[in-house]
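Because only heavy atoms are used, hydrogens play no part in the values below, and waters and symmetry mates are left out as well, while side chains stay in.
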Amino acid sequence: MQEAYEPASVEREAQAFWASRDSFRSTEARARPKFYCLSMFPYPSGKLHMGHVRNYTIGDVLTRYYRMRGYNVLQPMGWDAFGLPAENAAMANEVPPARWTYDNIAYMKAQLQSLGFALDWNRELATCKSDYYRWNQWVFTRLFRKGLAYKKTGAVNWDPVDQTVLANEQVIEGRGWRTGALVEKREIPMYFLRITAYAEELLAALDKLPGWPEQVKLMQKNWIGRSDGVRIGFPYRLENDDRVLWVFTTRADTLIGATFMAVAAEHPIAVHAARRNPELAKFMDACRKGALIEADLAQIEKKGMPTGLFASHPLTNEQIPVWVGNYVLMGYGEGAVMGVPAHDERDYEFALKYKLPIKPVIRHALGDTVPAPWKPEYAEYGVCINSGPYDGLGYQEAVDRIAEDLRAKGLGEKQVQWRLRDWGISRQRYWGTPIPIVHCPACGDVPVPDAELPVVLPEDVVPDGTGNPLAKKPEFYQTKCPQCSRPANRETDTMDTFVDSSWYFARFACPDQSKAMLDERASYWMPVDQYIGGIEHAILHLLYSRFFQRVMREETGLMPGVAEPFTNLLTQGMVLAESYYTDASGRREWVNPAEVEVQRDSKGNIVSAKRASDGIPVVYDGVGTMSKSKNNGVDPQALIDEHGADTARFYTIFASPPTNTLEWSDKNVAGSARFLKSVWTFAYRFSRASKSKDVDRKIRFRIHADLKQANFDMQRHQFNTVASACMKILNALEELPEWNATSEEGLSILLRLLSPIAPHIAHHLWRELGFGEDVMKAPWPEPDAAALEQDEIELVVQVNGKLR
RNA sequence: GCCGGAAUGGCGGAACCGGUAGACGCAGCGGACUCAAAAUCCGCCGCUCGCGAGGGCAUGAGAGUUCGAGUCUCUCUUCCGGCACCA
């Protein structure tokens with residue numbers, strides 16, 4: 001055994017060993033319990049970033065831990081390969097997105113391999129390949145025939161200069177990112193998946209997911225957003241035609257207090273009124289052009305304009321003015337709301353602004369009146385007042401009675417409403433799964449038959465930022481109708497990339513299956529036992545995957561009993577870094593933290609900082625997410641090259657608990673590098689020393705106490721303290737005056753504990769010291785109860801020098 | 001704006017059930033070794049008063065519950081994630 005720790009050779013050797021044994025290939029062996037451990041697959045953006053290293057290290061720690069516990073573990077890897085960045089890169093470099101994507105995959109795969117993850121590369125998949133995305137198309141055609149996929153109009157950002165649809169990300173302060181043109185909102189036909197058909201089940205099943213963080217379940221619950229309320233009709237007359245304006249409310253108890261109605265700019269009643277009212281038409285036009293993003297919409301000033309029309313109150317027959325409100329969305333409920341200013345904050349402000357009557361109908365904690373300014377108490381539940389027959393009723397009684405009375409008149413009923421909307425999957429972009437629909441002038445929208453799937457995306461296209469590239473390629477869109485064989489056009493929109501990532505986890509069970517979306521191997525591996533990924537996916541990706549799991553089960557007939565795709569979920573925190581800039585050149589220039597030298601005072605506070613290369617002073621701008629714009633990205637490759645994969649892995653685990661944000665600091669890496677070196681040095685000296693059979697009870701107590709804690713922390717995924725335990729055990733071993741049986745036992749425990757986190761060095765030393773051939777096949781260490789029981793109090797007192 | 005989180009030394013974090021706050025590591029300070037430096041090793045290290053023994057104050061702010069609160073409740077502040085076309 002050599003004296004110096006050289007990570008490069010140790011890691012090369014360990015990886016060669018694993019490769020020669022095909023150590024990470026998984027088969028459907030039934031003798032042992034299966035454990036499917038999955039980290040969210042990466043988008044092939046170019047290089048790995050620290051977030052990837054963190055995500056896959058966490059997954060690998062669990063994978064190796066469960067292997068040592070005797071499970072049949074699957075940990076696969078693939079590529080979420082369709083998406084917008086490839087088109088942006090194509091525009092910048094004039095390279096086809098396909099080429100750019102495949103190059104990135106090759107580079108990032110080599111990086112992942114250099115980190116020594118226990119991945120089964122035999123199952124690698126990329127969503128941009130037709131053998132994957134054909135099953136997106138296959139599922140879509142089935143949902144389409146069932147009516148679970150359908151066409152309707154949806155709103156998009158339209159850049160009038162480039163004549164193209166923009167992603168929300170490409171809209172900067174209301175303008176197109178490339179053209180600077182004011183973005184317009186446009187309604188275009190799109191395909192939707194009817195996820196709302198599963199709203200009730202997706203909500204109810206959250207209670208059956210004990211392995212998910214409460215936080216995530218709560219977010220999903222609120223997102224699905226069940227509201228129990230009443231659908232209420234307000235009759236009105238339009239051109240001698242009797243019609244009803246429908247609204248939905250959870251506060252039917254305040255119905256008597258309704259003093260106005262507000263409808264969306266797209267609502268038929270508003271459109272009708274605008275025909276004779278140019279000013280109103282202008283206002284509605286402005287509303288329609290407004291923001292698409294809900295966050296922006298929620299913050300705009302609430303504005304309205306009267307239509308001049310009135311509707312009758314369904315209970316009092318009072319005439320109520322109908323307004324157009326810029327805050328009312330056509331996509332939500334009925335596209336209309338009733339305004340009850342006395343008991344709703346938004347309506348209160350609206351009524352004050354436009355001098356509409358405010359009529360209190362609920363007795364609240366502050367009394368029977370609602371003087372300005374608005375107080376939250378006004379919106380609380382209370383007893384009805386000024387409400388005729390409903391006076392004195394509480395919330396539930398009032399709602400029940402009013403719903404009953406409305407029903408008798410045919411003007412209302414109780415209704416459940418969901419916040420969740422159907423999933424619009426059409427994208428007017430090139431680099432995605434073609435939607436398998438043929439538009440026939442005679443037969444309409446015809447799904448592509450199975451025999452003609454996949455509809456292959458041409459890979460030689462270089463988008464230029466204008467229009468939809470596929471719509472410019474007749475050789476792609478010109479086709480024949482599958483039903484009548486007459487000339488027809490293919491749909492040129494592609495699918496949302498969330499479709500790709502909504503089922504890849506199941507495909508990993510059988511990526512080579514060319515006859516079907518999934519086969520019985522999916523029944524073996526699914527559900528994923530442990531899923532690991534960023535908290536930013538808490539709602540959309542996870543909800544879509546839960547929806548797709550249900551769809552797949554119904555369409556394939558496989559995976560009986562598996563409604564939920566992910567049994568346990570670990571949401572990792574983001575990786576942050578310091579950022580620095582200099583104003584020396586007149587404009588703000590961001591300096592990468594790796595190039596900054598920091599001066600600190602005697603207490604360690606930053607006094608000044610300068611760029612190492614030229615000494616120019618730089619300003620510390622705090623800590624934030626790694627981004628290109630702030631030039632504070634840390635390239636993990638530099639870290640791997642300098643200290644080795646094991647140090648990179650150990651540090652990312654040690655620095656912070658997996659669910660916390662992780663603040664990157666190159667300097668802190670030193671402790672991890674030093675520790676691994678110390679393990680090596682200790683093992684080297686141990687390998688050469690003569691050993692006695694003595695047992696040091698105090699040291700042994702400390703080792704087993706740390707091990708006990710580490711096993712507890714392992715189970716609750718507090719991996720940073722497991723890494724700490726490794727350090728504590730080494731500290732304890734180094735206090736032994738001589739090499740003895742305790743050294744040997746402690747070293748054996750240490751290497752096994754270290755193996756999931758820093759697998760190469762653990763593998764190497766395990767063999768060198770003659771503990772066995774493969775540390776991954778060793779049993780996971782368990783604390784010895786006897787070592788912990790004996791004279792526990794006395795030992796603790798002596799060890800820590802103070803009473804516990 | 002709405003939904004969900006987070007806040008503990010100079011820094012990352014520990015404290016499992018409400019019971020000695022600061023484990024482990026970084027940075028810093030002092031020392032050993034060295035011609036010197038790096039590396040390594042030993043010691044110190046929340047703030048504050050005190051020569052010292054020892055005392056006082058401390059878990060974002062403010063209230064509350066409790067014999068006892070970093071931990072539970074309420075209000076607030078700041079930061080982070082999501083808000084349906086970034087992935």
**OP:** Check whether any side-chain N or O of A/Thr661 sits under 4.0 Å from OP1 or OP2 of B/C80, and answer yes or no.
**Re:** no
Original post:
Does B/G4 have OP1 or OP2 sitting under 4.0 Å from an N or O in the side chain of A/Asn222?
Top reply: yes
Original post:
Reckon A/Ala538 touches a base, only the sugar-phosphate, or nothing at all at heavy-atom distances under 4.0 Å?
Top reply: nothing
Original post:
Checking only heavy atoms, does the side chain of A/Glu536 share a donor-acceptor pair with the base of B/G81 at less than 3.5 Å?
Top reply: no
**OP:** Using a 4.0 Å heavy-atom cut-off across all strands, classify A/Phe498 as base, sugar-phosphate, or nothing.
**Re:** base
Original post:
Do A/Glu301 and A/Lys353 sit within salt-bridge range, that is, some charged N less than 4.0 Å from a carboxylate O?
Top reply: yes
Original post:
Which letter, B, S or -, goes with each nucleotide of nucleotides 71-77 of chain B from 5' to 3', with contact meaning a protein heavy atom under 4.0 Å?
Top reply: -------
Subject >> Candidates B/C24, B/G12, B/A27 - which lies nearest the side chain of A/Ala655 >> reply: B/G12
Original post:
Contact class for A/Met190 (heavy atom, under 4.0 Å): base, sugar-phosphate, or nothing?
Top reply: base
Subject >> Below 4.0 Å: OP1/OP2 of B/A87 and any side-chain N or O of A/Thr497 >> reply: yes
Subject >> Side-chain donor/acceptor of A/Gln170 to base of B/C86, under 3.5 Å >> reply: no
Original post:
Quick one: is B/G13 close enough that its OP1 or OP2 comes under 4.0 Å of any side-chain N or O from A/Asn660?
Top reply: yes
Original post:
So what does A/Glu294 touch, heavy atoms closer than 4.0 Å: a base, only the sugar-phosphate, or nothing?
Top reply: base
